[in-house]
Structure formats: C-alpha cells, structure tokens
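Heads up, the thing below is written out as structure tokens.
Being a predicted model, the structure only gives us computed values, none of them experimental. Residues: numbered from 1 along the sequence shown.
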Amino acid sequence: MKAIHYPESSDLHKLLRFAAEDGLIWLGEHRMLLLHAGALSELRKELVNSLGQEQARRILTRMGFASGVRDAELARRTRGLECLEDAFVVGPQLHMLEGWAKVEPVSLHIEPETNDFAAEFIWRHSWEAEAHVQAFGEVEHPACWMMIGYASGYTSAFMGSFIMFREVECAATGADHCRIVGRPVDQWPDADELRPYFEADSIVGRLLELREEIEIMRRSIACPRRTPDLIGNSAGFKHAYDLVARAAATTVTVLLLGETGVGKERFARTLHEMSARSTAPFVAVNCAALPDELIESELFGVERGAFTGAHASRAGKFERADGGTLFLDEVGELPLPAQAKLLRVLQEGEIERLGDERTRKVNVRLVAATNVDLQKAVNAGTFRRDLYYRLNVYPVTIPPLRERTADIPALVEAMVCRFETLHGKRLAGIGDKAMRALKTHSWPGNVRELENVLERGVILAPPNGLIEVEHLFLGSAPESIPQHRLGQAGQLEAQQSAETVDLPGAVLDAGINLEAFEQTLLERAVERANGNLAAAARLLGMTRPQLTYRLRKNRSTDDAR
Ligand SMILES: [Zn+2]
C-alpha cells in the first residue's frame, strides 16, 4: 500500500454548474440540490423517531448508496482509467466538494484483475456525525449511515462488485474523527449482518441480481423487436387509445391519422390484438414502399400466366389476412387503379386475383393510415372521393410526441430496456440532463425518432454507465443559458466560453466502430429531412443514389444479425 495524494480538483469543479436562471444545478449530467444541512438533519431525525433506528439506518444507507453510484459514473468520465487511484479518489474528492466531510486518505489498494480492494479513510467534520449528536447526543455505535452508504455505493459501482465500507471509529461516539475501512463484502466475517442495510429493491440488489438478469436477457434475445404495448398516460394519447379500444369490439374500418412516426402500425396492431380476430393474421402493407406495377398483385394476388413472369399463382395480402386484420399504411399513396379495386373489396367483400376469372370471398377488417390530408388529395383528383368516404368512417388522430411529452419518461424506460436486451448491454439508466433534453426536444420524427435516438444512446453509452446528452444528440449545440461554475477560490464565476463538442473524440471514447457511426449519421440525416432522401443526401453532401446504396448496405447487414 502506498501513500495517496489527491490530484488537483479543478476538473471536478468544472463539473459543477449553476444555471440559476433555469433553477438548475448540475454535477456533470446529474441534477443536484443545494439543500440546508439543517433541513436534512431534521428529516434524518424524523426518520429515526418515526421508523426506529434500524429502519432509518437502512433508508439512509441506501440513499447514500444511490448517490455514490451516481458519482462513480463521473469518476471514469472525468479521469479515465489510466491511473486507477486518481480515478478512484474522484469519490472522496466529490464527497468533500458536496460538503459531507473532509476525507483524508490513509491507504488505498486496488487490484483490478482480481477485484480485490482495500482502503482506509478518515472523515473530519462529518455532517452526519454532527447531525446525529445534535439530535440524540453522543451514542455508543457509529452513526454516519448515509455517508457509509455513499462510500460503499461509490466503490461498488467503481469496482463493479459489492465493496462494503464500515466505520471503525465515529465522531458520533465521542471520537475525534470518523475512520472508515472498505473491503469486498465476502472479506467481512459479519457481512450477513450488515448486508440488510444495503439491500432492498435498489442498487445493491441489482448488482446481486445481475447474473439472473443476464440469463433472462439471453432468453428474451431470441425474440427481439417484438412490438411492445402502447405506452402513454397523457390525455391526447388516452383519447386515441380509447377510440381504438372501442373500435376493436366492432368490425368498422378504422382510419389512423397522424404525423409520420407517431406509431400508427402499433395502434393498428393493438386494435387487432384487442379484437375478436386476434388469433387470425395481422398483415401490414406500406403502400408507399411498393412500386405501382406490383401493388395490385401484392394486395390482391395473381394467377399463373396473368403476365410475363407470373410463373405460379400467389395469394395477395387480402387473402393472407383472411379472418384477421389488414393494415394499409400510407394509403394516400395508392395509385388510382388500385384504389378502384380496393373500393370494390370494401363494398363486395370479395377479391379477384390478377388474371383470374373467379372472385374469392375474404373476411378482412381494414385499418388504413395516412399522414397526408386525404381531403386535399380528393380535391386534387389523386384520391377517389367514394373511397375516401369508405375509409373515413372512424378516423382516429394520434397526437404527435411533442403534444404528449408527459409520456416520454415511460417510453424512454421501456425502449432503453428493450435496446439493452437487443444489444446485450447493461446500463445504469439515463442521466437527468439527458432526460431533460429528451423532454424539450421537438421530435419532428415522433416516437420513431425517439426510438432511433435511444437506440443510438444505448449503443454509445459506456457499459454500466449512464446515457447522457452527447450519446443522444451528437454534435448538439451547447446550451445558450448563462451558467456559473465554481472558481478557484470557491466562489461562483460566469462560465467563460461554451466548450465546443469534440465529436471525433466522443466517438473514439465510446469505442464505436466506423460502420455503426455511419449508420447513425445516415439515419439522423434522413430523420432531419423528414424522410426525404434527396434532402437527406444533400445534408450529407452526397447524391441520392449514393445515400440509398449506403442505407441499403447497412440495412442488409442489419437484417443479417
Ligand atoms: Zn462517523
């Protein structure tokens, strides 16, 4: 064991930013509070008095643990792992910056290969010891529970295995200072007595359950990209959902309206699953994705010899959806001849394959969707009026994401969980600042854009780390709100200049490969151009065929996995 000296802490001071005009304080990506120590002391005392010492100790330990875990994440980001000791002492240094105690290192030994750990620190002017003595007088046993939780949480997250700290001296017992010692949990002979203070549904529990979760992950990976249930609780969302739920009990033709990416197919699928047809097929067709000359054979089927190349008879989507639901997305893109045939199916309930003499009965519930104004298309003569009236019997408008931002946290949680599984990656969650950015973004591409942004975030975030703003919005503009940070003498200073985002550096730090980055960049350009490939190609300084080629190339490697 060697003597430890703290590195200069200005790198940590830079993490602390005061955006007073917004009512926000940030430590890295974490929202912080400047709270009166006296108020927290009151809360602590109330907890002990109302719940009893044992229960209060558990709660406070776990609260400290949660805050240590968050700071551990800053350690790796701030100092890297070139010098493990320097990175580790970010914890003690932040604990001081946050005002808990003066933390003096006595010894520190980290063995990354074997996960062995041994450390000893002294706490002077411990806030918690003072608060405890003030509330209850001097006591027999150490009482810095929250701070022990912090040290344990920080170290466990830093090491990736459960390291337990305990106090061997405490100022609350009348000692001059507190002294803490940390070891891997299995090296404490009485670990089983101490463990309950850390255990709950919370983070230690999660560390311990990791193995089981990986197992579950492996099993669920077998069926990735399963459409998850619709998620939302906002008024606009619930209104649309209620309409769909009521339609499910009937056979009415439903027209789903809404901007691109709001999740129309998901609503259609939900409608199908809630209906009496749920055991029959759900068939989805994107009318815009099919070339005009193929659309009729795709929808209605084809008989052998109907045209050159029709070597075999083939059922169309209508026949395949028999008894179930057919979802026609972007129905406004249907060419006029196909519109006439569709109308006939809706009126007669029968189809005729291309080149076939006879008609076949089909029993299909039709759900159509569009993001264009069909009424306008009717006036322009590109959409049949009679078909429009047939389709527009039961219109349901799905609100854009920017009108249901209250649903974003729940959507984020579900999507992150799904992408963790899909990419076989475990994360600590999403940072406060990143969540704030997600809630304030305007989401022109709606839920689909959110999904893409989060998938990128899950890929870019460090393993077991947090998803942060820079993982979501690459090269995003620095904040324009005036911010203050801590100066050398500890007073607030206006932030000198917005730090420019080092994009190549961020990509390299994340260990992302070039192909994945290219994919992200292409998708982002397409999103920004609202799906217009020509405009997206211009953004990227390439031609449209070049862009299409690259997208297709990436997609085919996608499908292969
Ligand atoms: Zn103490």
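For Phe65 and Tyr197, the gap between ring centers reaches or exceeds 6.0 Å. Ring centers of Phe237 and Phe267: under 6.0 Å apart, within the cut-off. You'll find the ring centres of His109 and Phe117 outside the 6.0 Å limit. If you look at Phe88 and Tyr154, their ring centroids are closer than 6.0 Å.
Rounding to the nearest 0.5 angstrom, the gap separating the CG atom in Leu454 from the CD1 atom in Ile459 is 11.0 Å. Taking CG of Leu438 as the start and CD1 of Ile430 as the end, the distance is 4.5 Å to the nearest 0.5 Å.
A donor-acceptor contact shorter than 3.5 Å is absent between the side chain of Lys238 and the backbone of Gly232. Between the side chain of Gln93 and the backbone N or O of Pro7, at least one donor-acceptor pair lies under 3.5 Å. In this structure, the side chain of Ser107 does not engage the main chain of Ala119 through any donor-acceptor pair within 3.5 Å. Of the possible donor and acceptor atoms, none in the side chain of Arg62 sits under 3.5 Å from a partner among the backbone N and O of Phe198. Between the side chain of Trp188 and the backbone N or O of Met164 there is at least one donor-acceptor pair closer than 3.5 Å. Between the side chain of Glu167 and the backbone N or O of Cys144, at least one donor-acceptor pair lies under 3.5 Å. At distances below 3.5 Å, at least one donor-acceptor pair connects side-chain atoms of Thr173 with backbone N or O atoms of Cys170. Checking side-chain atoms of Arg70 against main-chain N and O of Ala66 turns up a donor-acceptor pair under 3.5 Å. The backbone N or O of Val458 sits less than 3.5 Å from a side-chain atom of Lys425, completing a donor-acceptor pair.
Across all their heavy atoms, Ala101 and Ser126 have their closest contact at CB-CA, 3.9 Å. Across all their heavy atoms, Ala410 and Ile231 have their closest contact at CB-CG2, 3.7 Å. Gln55 and Leu51 make their closest contact through CB-O, 3.5 Å (heavy atoms, listed as atom of the first residue, atom of the second, distance). Residues Cys417 and Thr421 come closest through the heavy atom pair O-OG1, 3.0 Å. The shortest heavy-atom contact between Glu420 and Arg426 is OE2-C, 3.8 Å. Heavy atoms only, all atoms of each residue included: Pro92 and Tyr6 are closest at CB-OH, 3.3 Å.
Here Glu120 pairs with Arg179 in a salt bridge; the nearest charged N to carboxylate O distance falls below 4.0 Å. The pair Asp22-Arg436 meets the salt-bridge criterion, since a charged nitrogen lies less than 4.0 angstrom from a carboxylate oxygen. Ion pairing of Arg183 with Asp116 is absent here, as no side-chain N (NZ or NE/NH1/NH2) approaches a carboxylate O to less than 4.0 Å. Salt bridge Arg166/Asp190: present, at least one basic N to carboxylate O contact under 4.0 Å. Between Arg402 and Glu259, at least one side-chain nitrogen of the basic residue sits less than 4.0 Å from a carboxylate oxygen of the acidic one, meeting the salt-bridge criterion. Salt bridge Arg44/Glu128: present, at least one basic N to carboxylate O contact under 4.0 Å. Between Arg418 and Glu451 a salt bridge is recorded (basic side-chain N to carboxylate O distance below 4.0 Å). A salt bridge does not link Glu193 to Arg195: none of the charged nitrogens lies less than 4.0 Å from a carboxylate oxygen.
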- Could you please spell out the steps behind the side-chain hydrogen bond (donor to acceptor under 3.5 Å, both in side chains) verdict for Glu523 and Gln519? CA-CA 6 Å; Glu523 279 170 6; Gln519 164 89 358; 2.6 Å; yes

key: Steps toward side-chain hydrogen bond (donor to acceptor under 3.5 Å, both in side chains) verdict (His423, Glu455)   = CA-CA 9 Å; His423 296 290; Glu455 179 161 23; 2.7 Å; yes

* To do: Begin with the C-alpha distance, continue with both residues' side-chain angles, and end with the deciding distance and a verdict on side chain to side chain contact (heavy atoms under 4.5 Å, CB included) for Gln53 and Trp145.
  => CA-CA 11 Å; Gln53 184 156 311; Trp145 305 321; 3.6 Å; yes

Begin from the C-alpha positions of Ile398 and Asn446 and carry the test side chain to side chain contact (heavy atoms under 4.5 Å, CB included) through to its verdict. CA-CA 11 Å; Ile398 302 163; Asn446 291 297; over 6 Å; no

Yes or no on side chain to side chain contact (heavy atoms under 4.5 Å, CB included) for Arg524 and Arg528, after CA distance, side-chain angles and deciding distance? CA-CA 6 Å; Arg524 185 64 194 263; Arg528 194 178 279 194; 3.8 Å; yes

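Cation-pi contact between Arg404 and Trp443: absent, since separation from the ring centre below 6.0 Å together with deviation from the ring axis within 45° is not met. Remark: Arg31 is not positioned above the aromatic ring of Trp26, lacking an NZ or CZ atom under 6.0 angstrom from the ring centre and at most 45 degrees off the axis.
Trp123 has its side chain within reach of Ile148: a pair of non-hydrogen atoms, C-beta onward, lies under 4.5 Å apart. A 4.5 Å side-chain heavy-atom check between Arg79 and Val89 finds at least one atom pair inside the cut-off. Between Arg448 and Glu527, the closest side-chain pair of non-hydrogen atoms is not below 4.5 Å.
Summarising the local packing, CE of Met32 is surrounded by more than 12 heavy atoms from other residues, nucleotides or ligands at distances under 6.0 Å. In this structure, Gln134 places its CD atom where only 12 or fewer heavy-atom neighbours from other residues, nucleotides or ligands lie under 6.0 Å away.
Ring planes of Phe121 and Phe165: tilted class, angle from 30 to 60°.
Using a 3.5 Å distance cut-off with no hydrogens or angles, the side chains of Ser234 and Asp407 do pair a donor with an acceptor. For the 3.5 Å distance criterion, the side chains of Glu104 and His177 fail to qualify, holding no donor opposite an acceptor.
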